[in-house]
Amino acid sequence: MTSLYATVAEQMEAGERLTPAGAAVLWDEASDADLRRWAARARARYHAPDQCTYLIMRIVNYTNVCVAQCDYCAFYRLPGQAGGYVLSRDQVFAKIDDLLALGGDLAGFNGGFNPHLPLDYYCELFAALRARYQDRLEFYALTIAEFMYLADHAKLSWAQAAERFKAAGVRWITGGGSEILTEAFRARHSKFKYTVAQYFEAQRAVIAAGLKTTATMVIGFDETLEERIEHLERTRAFQDETRGLASFLCWTYKPYGTALAGQEISSQEYLRHLALSRIYLDNIARIRTSVLTQNASALDGLLYGADDFDLPIEDEVTQSAGATINLDFPSLLAKVRDLGLTPSYRALAGAPA
Ligand code: SF4
């Protein structure tokens, strides 16, 4: 009798689309070598096997004041709590100037759900960035989660908020704040964040407004295999519907200093998940690997289905919970070459809007 694994392996060899049940079988039974081989084949549909791309970027954590109270976050301070901050315009500019001096051209804005910051703070900041840096800088303005909070706070619909940001010069709102896209996970860990249904509704509005967005995922909390697969399934279905997701980036939970605590997952588990994601997300061309949370070992992900990575210079959210930054870019790029790939810089600044 043919085993379930043999059936799924045959489907993989035939290039068939992976089902949720098939993904569970692969996760439980496929060797690292088989996962890597199938992921490499899925990657080759979009990218030359010996090529990859990268960005030098910085996350600008403009405020750490947040009312969401996610139990996996070591970054936030409640309103009025000691240690809370909001960056001034000049502090933001200084961080961008540092980024440009290090050869980067992408800033990702990520802060908290700060009830004291009005929508105008953001719109004026983003308009000022466009005016000051023009085609030397591109920026990811907020995550979908922050976007939803701001829209609610300003009593605007998702569509109205998207238009306001677009008018302020925004081109990107990332899919950050997704973590694990199941209602049960969100109820367990971030009661004040948005539901999965709301997350996708907002992302639909962002895409409809002509803004660009991405898919994200974070693993290594207490999520089950079924929850990981549900996240991939929902992401793939959303991409089938909208074709609006420019990339998929999965990073790993850092437990230090968080209420949830726990242990970090292994590098091998991350690489296997990356491979599974590449195979599952057959409709997303760009699959990225997370140097921010996996350091140099993330680059092995280029052999497990990823084709792109960031070289980050700062992200306080993950650094607060244990992430470390490696600014030795030449040695990181040398490792990529040692793996047999040629890395090319993927400039976002100045790219067509
Ligand atoms: S993860 Fe983001 S939304 Fe959640 S508490 Fe931290 S800053 Fe707030």
Side-chain angles (χ1 to χ4, degrees), residues 58-87 92 95 107-119 121-122 125 140-154 158 161 172-203 206 213-223 227 231 249-262 264 290 292-293 312 314-323:
R58 147 173 248 150
I59 303 291
V60 178
N61 305 107
Y62 58 90
T63 183
N64 65 347
V65 175
C66 186
V67 294
Q69 301 178 55
C70 308
D71 67 2
Y72 46 77
C73 178
F75 167 69
Y76 77 90
R77 298 290 180 275
L78 289 169
Q81 195 179 348
Y85 70 78
V86 176
L87 294 185
V92 171
K95 283 178 181 285
F109 283 81
N110 183 210
F113 296 2
N114 185 335
H116 301 309
L117 289 182
L119 198 70
Y121 165 90
Y122 299 88
L125 174 63
Y140 289 164
L142 313 169
T143 60
I144 285 283
E146 291 161 285
F147 167 83
M148 289 190 277
Y149 178 77
L150 289 175
D152 270 357
H153 203 55
W158 313 135
W172 289 89
I173 292 177
T174 72
S178 65
E179 284 84 30
I180 295 288
L181 287 170
T182 71
E183 302 298 4
F185 178 89
R186 299 174 98 71
R188 284 202 301 282
H189 297 296
S190 40
K191 294 188 235 335
F192 300 107
K193 242 174 181 172
Y194 291 87
T195 65
V196 179
Q198 289 168 325
Y199 176 95
F200 283 123
E201 270 170 37
Q203 203 164 32
V206 161
T213 190
T214 64
T216 65
M217 180 172 193
V218 189
I219 59 169
F221 309 94
D222 62 352
E223 76 282 359
E227 285 183 313
H231 184 116
L249 171 65
C250 177
W251 64 94
T252 54
Y253 167 58
K254 294 285 180 183
Y256 308 101
T258 67
L260 178 62
E264 288 194 61
S290 171
L292 179 63
T293 57
E314 182 184 37
D315 173 32
E316 275 186 62
V317 176
T318 49
Q319 287 177 272
S320 307

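For reference, positions follow the sequence shown, starting with 1. Values reported hereafter were calculated over all heavy atoms of this structure, with side chains retained and with hydrogens, waters and symmetry mates removed. Each ligand, and each atom within it, is numbered from 1 in the order the structure gives.
- Here is the list of ligand 1 atoms found below 4.0 Å of a heavy atom in Gln69: 5 (S).
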Evaluate side-chain contact (heavy atoms from CB on, under 4.5 Å) for Thr258 paired with Asp71, printing each intermediate quantity in order.
-> CA-CA 6 Å; Thr258 67; Asp71 67 2; over 6 Å; no
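- When only non-hydrogen protein atoms are considered, atom 8 (Fe) of ligand 1 lies nearest to Cys66 SG, 2.3 Å.
- Looking at Tyr62 and Glu146, their side chains come closer than 4.5 Å, going by heavy atoms from C-beta outward.
- Residue Cys70 does not count as close to atom 6 (Fe) of ligand 1, with no N, O or S atom under 2.8 Å.
- Nearest to atom 6 (Fe) of ligand 1 among the protein's heavy atoms is Cys73 SG, 2.4 Å.
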- Message: Set out, in order, the CA-CA distance, both residues' side-chain angles and the distance that settles ring pair (Phe, Tyr, Trp, His ring centres under 6.0 Å) for Tyr122 and Phe109, then state yes or no.
- Response: CA-CA 10 Å; Tyr122 299 88; Phe109 283 81; 9.2 Å; no
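- One distance of note links OG1 of Thr63 with CG of Leu87; it measures 7.5 Å at 0.5 Å rounding.
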